[in-house]
Amino acid sequence: MKDVSISAASLAAQAMGWVDPVTKAVVPPIHMSSTYQRDTDNNYSSGRIYARADNPTFDQVEATLAALEGGSKALVFSSGMSAACACFLAWSPGDHIIVPKVMYWSLRNWLATFATHWGLKIDFVDADRTDAIAAAVRPGATKLIWLETPANPTWSISDIAAVAEIAHKAGALLAIDSTVATPVLTRPIELGADIVMHSATKYLNGHSDIIAGALIGARDDAHWAKLRAIRAQLGTILGQTEAWLLMRGIRTLFPRVQWACRSAQSLAERFAGHPMVAAVLYPGLASFPGHTIAARQMRGGFGGMLSIRVKGGERAAIATAARVDLWKRATSLGGVESLIEHRASVEGPGTPCPPDLLRLSVGVEDSSDLFNDLDQALRRAHNA
Ligand SMILES: *Cc1c(COP(=O)(O)O)cnc(C)c1O
């Protein structure tokens, strides 16, 4: 599109305004080829050699993600985990990295086991406290600070701009798992982050029908080339059909996220006074500890994820999840259908997740239907 002032919402809806130059199709084709012909002068004038490095089906979705995040380049991966792991594999044994105590459970597990055994020196800190991050920095040794905000499953908030300053003063990079915020609500690169990671399985795709990941880089530099090489070497590329589905999903990202934010805010406020609910964890509540920072770095809403802590403990929480009808009992988040999960059961021993916590991913159903369904489940579980 020629008009550079066009909004991110319009760019997403039209997938950058792409129209096929030959057929005038407004939806792109899927490129199936795994290999590309070499020219007679022994060069590859197309710039493409083999599809373990990239695929033309990635071009539109990667350009759209870079534009939505205000970054320079994007890479799509076979999963959110493979995108995240690439950010850590880019460093060497002995390098120091700071990560949150409260974060996506599978990545935390991988960091505590594989990445640590491989030789990375990893500190797990209270990432909702900027002073705790500053205290953990080892100037000269710290290479990367990793944040997730809002963070699974308590939705605690980290101050991206403040931590970017700390990271850069120490010569380290800042990477943000922005899966829950999405580029609709937060653009971490504008706040000083160097890399943004997404589980594109979640809001970006939005329909619970692919596994995908993405990285967006502030700069197309030597470090970015390393991340690109890791994807090509490990072959953790996205399948071409999944890349096409991801682009299709991103076109409705803004209305889906905006709807989910309004419903989540309403549900958080209604459950905050509920007789069977001990606490509601949601950055949009003024009483939430990270609310002031969230209000500064999230625009237009506080996300579609919230958790409730059920009175009566773990048994009451599991009994409540068993009695919903409209909400679906399933892991994952960010789809059009609302999901409920007893998170401690999934994370297992050693989890920092409270046992009475139910994680709610708010979809695009009517929010009163969602309230009524969970309300009756809480009451029936209480009386059981
Ligand atoms: C789901 C998720 C991941 C992992 O992504 P996959 O696509 O499942 O590999 C990482 N971070 C967050 C916040 C997630 O919700």
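Just follow the structure's listing: the first ligand is 1, and inside any ligand the first atom is 1.
Between Phe302 and Tyr282, the ring planes lie perpendicular to each other; the angle is over 60°, past the 30° to 60° tilted range. Classification of the Trp110-Phe114 ring pair by plane angle, with boundaries at 30° and 60°, yields parallel.
Contact detail for Ala264 and Gly304: the closest heavy-atom pair is CB-CA, 3.9 Å.
Closer than 4.0 angstrom to ligand 1 by heavy atom are Ser79, Gly80, Met81, Tyr104, Glu148, Asn152, Asp177, Thr179, Met197, Ser199, Thr201, Lys202, Ala212, Leu333, sorted by chain and number.
Pairs engaging residues 133-145 under the salt bridge (charged side-chain N to carboxylate O under 4.0 Å, His left out) rule: Asp123-Arg138 [sequence neighbours left out].
Taking the charged nitrogens against the carboxylate oxygens, Glu69 and Arg187 have no contact shorter than 4.0 Å, which rules out a salt bridge.
Side-chain contact between Met197 and Ser178: absent, with no pair of heavy atoms (C-beta onward) separated by less than 4.5 Å.
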